[in-house]
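Take a look at the structure below.
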Amino acid sequence: MTRTGRKGHHRSKKKRVVIAMAPLVAVAVAVPLMNQAGAATPSEVTRDCAQNAAKLDNCEFVDVQFKRDSLGSNKRVSTVTDNCGSTSALSKAFSVSASVTRSVTLEDGFTASADSKLGNSFFEIGAKFNTTEIDLKRDDTGTGFDFSRTDTVQPDHLGFFMWSEKRTDVSGFLKATYKEEQDGQKVFFSPSEGGTSVHVFYPQLLKNGTPDGRLWLRNVKCGTAQANGIQNSAKSLRAEPGFGEGGANVSDVEIPLTEIPAP
């Protein structure tokens with residue numbers, strides 16, 4: 001009789017332990033699922049900011065770091081003059097044209113209109129980095145130069161002008177504040193708080209309003225891979241190496257910015 005009573009007591013205690021723990025396990029699983037359900041993901045934050053979504057109370061770009069005098073891509077800014085097969089230099093009048101504007105780079109890629117919350121934030125950040133030493137192009141309208149000049153294309157060469165703009169690269173992240181709470185919070189970030197993968201490039205301007213950068217005349221030896229690439233692409237725009245980086249068959253001559261007329 002005594003042994004039977006102890007055995008029954010032991011089974012009863014085990015049942016109480018199982019019943020008490022079961023609800024705790026269920027709660028622990030449910031909480032993470034609830035947190036993930038309605039939170040704004042980085043891609044959603046980017047999309048809502050880009051579209052100036054009505055559910056946003058605000059969207060702003062938060063700067064983390066910056067780099068001045070960052071050179072942009074290398075662009076061909078004149079037509080190509082073909083002097084292939086000639087044994088004498090050719091004096092040629094070139095029409096040179098280039099423009100610069102504020103640009104934004106995101107992992108997903110998007111544009112934000114100037115009158116949106118985010119567009120206004122970009123302008124305000126640009127004003128922050130605008131100084132007496134460096135004047136920045138802060139809005140998304142273009143400015144540039146358009147002029148003609150006569151230069152020399154070498155014998156048996158292709159000749160054209162190249163341009164690389166000088167800009168201030170400001171990197172940071174997007175901070176979106178929603179009107180309604182999502183899982184108990186209104187503020188979300190893209191890609192993350194403190195991140196630096198969102199880049200805003202502000203073109204730098206000279207005192208006369210001309211874009212700052214590097215302009216050069218490029219001569220490419222005919223019959224080379226570089227020249228064939230240009231000719232086979234019907235002389236259309238394509239990726240080009242930077243100043244002095246074209247190799248033995250390419251010669252570059254920089255044009256002083258003082259020779260570029262003001263807009």
Taking only Lys NZ, Arg NE, NH1 and NH2, and the carboxylate oxygens of Asp or Glu, determine whether Asp169 and Arg167 approach each other closer than 4.0 Å. no
Taking only Lys NZ, Arg NE, NH1 and NH2, and the carboxylate oxygens of Asp or Glu, determine whether Arg218 and Glu240 approach each other closer than 4.0 Å. yes
With ring-ring contact (aromatic ring centres under 6.0 Å, His included) as the rule and sequence neighbours excluded, what pairs involving residues 202-223 come up? Trp216-Phe243
Quick one: do Lys207 and Asp135 make a salt bridge, cutoff under 4.0 Å? no
With a 3.5 Å cut-off and sequence neighbours excluded, list the donor-acceptor pairs that the side chains of residues 96-104 form with protein atoms.
unit_1	atom_1	unit_2	atom_2	d
Thr101	OG1	Asp140	O	3.1
Thr101	OG1	Thr141	O	3.4
Arg102	NH1	Arg138	O	2.7

Going by the rule salt bridge (Lys or Arg N to Asp or Glu O under 4.0 Å), which residues pair with Glu245 if we only count those two or more places apart in sequence or in a different chain? none
Carboxylate-amine/guanidinium proximity below 4.0 Å for Asp63 and Lys128: yes
With the 4.5 Å side-chain cut-off for hydrophobic clustering, are Val77 and Val153 part of the same group? yes
Suppose we screen for side chain to side chain contact (heavy atoms under 4.5 Å, CB included). Which residues come up paired with Lys55, at least two apart in sequence or across chains? Asp48, Ala53, Tyr178
When clusters are formed by joining ILVMFWY residues with side-chain heavy atoms under 4.5 Å apart, either directly or through shared neighbours, do Val220 and Val80 land in the same one? yes
Can you give me every donor-acceptor pair (side chain of residues 115-123, partner residue at least two apart or in another chain, under 3.5 Å) with its distance?
unit_1	atom_1	unit_2	atom_2	d
Asp115	OD1	Ser113	OG	2.8
Ser116	OG	Ser113	O	2.7
Ser116	OG	Gly119	N	3.0
Asn120	ND2	Glu124	OE2	3.1
Ser121	OG	Phe61	N	2.8

Between Glu180 and Lys186, is there a side-chain N and carboxylate O pair less than 4.0 Å apart? no
Determine which pairs satisfy ring-ring contact (aromatic ring centres under 6.0 Å, His included) with at least one residue from residues 63-102, sequence neighbours left out, and list them in order. Phe66-Phe129, Phe94-Phe161
